[in-house]
Amino acid sequence: MTPKQAMLRGAFALGMFSLVTAGSVALTRAVTAERIADHQLAYQHRQLQAVLPAALTDTAVQTVLDGVFKLPDPEQLGHREPQYGWYVQRDHQRVVILPVVTRQGYNGEIRLLVGIDQQQRITGVRVTQHQETPGLGDDIEHQRSDWITEFNGLSLNSLPLGGWAVRKDGGHFDAFTGATITPRAVVNAVQRALSYVAENAAKTELPITFEESIQ
């Protein structure tokens with residue numbers, strides 16, 4: 001074999017190795033991306049289901065995720081860009097699920113989902129993202145305490161004037177030992193979600209009546 005032939009054979013082998021490697025990487029990425037997408041979809045569905053009333057928690061995943069609508073005036077819920085909410089309906093039960101952001105947390109943003117029915121009562125609240133101090137502010141997580149369930153069944157008019165606050169501020173809700181800023185931020189955010197629904201449902205800009213939904 002001449003040096004030229006050896007060089008060509010080496011170049012061919014290297015080229016084939018590169019093609020096989022690139023193909024393997026692409027295949028792995030495609031399979032992994034599909035798996036990640038499936039996990040993200042399942043996680044999002046679990047989050048949305050967590051704020052639904054018991055009678056609706058078995059709603060099929062695609063039904064929940066397809067019930068999407070564009071939020072009017074999303075800045076009222078703390079968003080800085082267009083956002084979408086979700087709705088679920090079965091028989092005579094209707095629930096909207098709103099993503100809410102507050103920047104009043106001790107360590108910055110706290111993101112929540114708030115479920116509200118057609119009587120404008122809270123069906124559930126869950127914190128989906130936060131950076132609060134472990135062992136103090138993270139009691140807003142349902143996995144750590146039942147504090148977040150204190151909102152269930154409440155409407156704006158369920159509490160007297162000033163009741164939508166932590167007890168330290170003269171309100172209805174417990175704070176955490178050594179951590180008042182975090183629950184105060186969550187209470188304010190949930191009250192803001194109820195006020196948002198009251199205002200926009202009156203203008204028929206929310207699918208409490210399911211007239212403004214999109215697919």
Side-chain angles (χ1 to χ4, degrees), residues 36 39-54 56-57 64 71 73-81 83-86 88 95-117 119-200:
I36 290 173
H39 285 316
Q40 288 175 336
L41 191 67
Y43 176 66
Q44 185 182 37
H45 182 238
R46 288 195 301 271
Q47 288 182 313
L48 295 173
Q49 278 190 318
V51 301
L52 291 174
L56 295 179
T57 52
V64 176
L71 292 175
D73 302 320
E75 65 276 1
Q76 294 181 19
L77 295 176
H79 300 288
R80 292 170 174 166
E81 54 189 33
Q83 289 292 326
Y84 293 85
W86 298 264
V88 180
V95 176
V96 293
I97 303 174
L98 303 176
V100 186
V101 181
T102 175
R103 295 174 181 84
Q104 299 174 341
Y106 185 76
N107 287 321
E109 281 190 355
I110 301 174
R111 293 181 175 268
L112 310 94
L113 290 176
V114 181
I116 301 175
D117 67 15
Q119 282 81 38
Q120 298 185 25
R121 300 171 304 196
I122 293 173
T123 61
V125 180
R126 289 293 185 274
V127 173
T128 60
Q129 184 179 331
H130 73 88
Q131 301 179 68
E132 302 303 277
T133 307
L136 290 174
D138 62 351
D139 276 349
I140 55 176
E141 296 178 19
H142 186 243
Q143 294 90 335
R144 285 191 48 83
S145 81
D146 291 331
W147 179 84
I148 201 75
T149 63
E150 290 185 30
F151 297 103
N152 293 0
L154 296 180
S155 67
L156 274 179
N157 298 324
S158 296
L159 301 176
L161 185 66
W164 283 94
V166 296
R167 295 189 191 279
K168 185 175 181 180
D169 299 333
H172 169 79
F173 298 93
D174 293 324
F176 310 142
T177 302
T180 301
I181 294 175
T182 303
R184 179 186 289 138
V186 173
V187 170
N188 290 342
V190 173
Q191 182 187 26
R192 186 150 35 98
L194 284 170
S195 298
Y196 175 85
V197 165
E199 177 182 341
N200 288 284

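In this chain, residues are counted from 1 in sequence order. Any value given below was found using the heavy atoms of this structure, including those in side chains, with hydrogens, waters and symmetry copies removed.
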For residues I181 and G105, report the shortest heavy-atom separation together with the two atoms involved. CG2-C, 4.0 Å
Taking all heavy atoms of A185 and all of I110, pick out the closest pair and write down the distance. CB-CD1, 4.3 Å
From E109 CD over to T102 OG1, what is the distance, rounded to the nearest 0.5 angstrom? 9.0 Å
Hey, which of H130, Q131, R144 is the one that makes side-chain hydrogen bond (donor to acceptor under 3.5 Å, both in side chains) with D138? R144
Drop me the distance from I122's CD1 to Q191's CD, to the nearest 0.5 angstrom. 10.0 Å
With side chain to side chain contact (heavy atoms under 4.5 Å, CB included) as the test, would you mind laying out the steps for V101 and Q83 before giving the verdict? CA-CA 11 Å; V101 181; Q83 289 292 326; over 6 Å; no
Can you give me the closest heavy-atom contact between V125 and F151, atom names plus distance? CG2-CB, 3.9 Å
Do you see a donor-acceptor pair shorter than 3.5 Å between the side chains of Q47 and T128? no
Look at the side chain of R167 and the backbone N and O of H172, then say whether any donor-acceptor pair between them is shorter than 3.5 Å. yes
What's the spacing between L48 CG and L56 CG if we round to 0.5 Å? 12.5 Å
In short, P53 meets T123 closest at the heavy-atom pair CD-CB, 3.8 Å
F173 and P183, any side-chain heavy atoms less than 4.5 Å apart: no
For G85 and P99, work out which heavy atoms get closest and say how close. CA-CD, 4.1 Å
One should read off an interatomic distance between W147 CH2 and D139 CG, to the nearest 0.5 angstrom, of 9.5 Å
Any I148 side-chain heavy atom under 4.5 Å of V186 side chain: yes
Rounded distance (nearest 0.5 Å) linking atom CG of D117 with atom CG of L52: 11.0 Å
How far apart are the closest heavy atoms of T182 and G137, and which atoms are they? CG2-O, 3.5 Å
Within 6.0 Å of CZ in R80, more than 12 heavy atoms from elsewhere: no
Tell me if a side-chain donor or acceptor on R184 pairs with a main-chain N or O of A175 at a distance below 3.5 Å. no
Sub-4.5 Å side-chain heavy-atom contact between D169 and V166: yes
Could you check Y196 against L71 for side chain to side chain contact (heavy atoms under 4.5 Å, CB included), going step by step and ending with a plain yes or no? CA-CA 10 Å; Y196 175 85; L71 292 175; 3.6 Å; yes
Counting only N and O atoms by type, is there a donor-acceptor contact under 3.5 Å from the side chain of R126 to the main-chain atoms of V51? no
CD1 (I140) and CD (E132) are apart, to the nearest 0.5 Å, by 5.5 Å
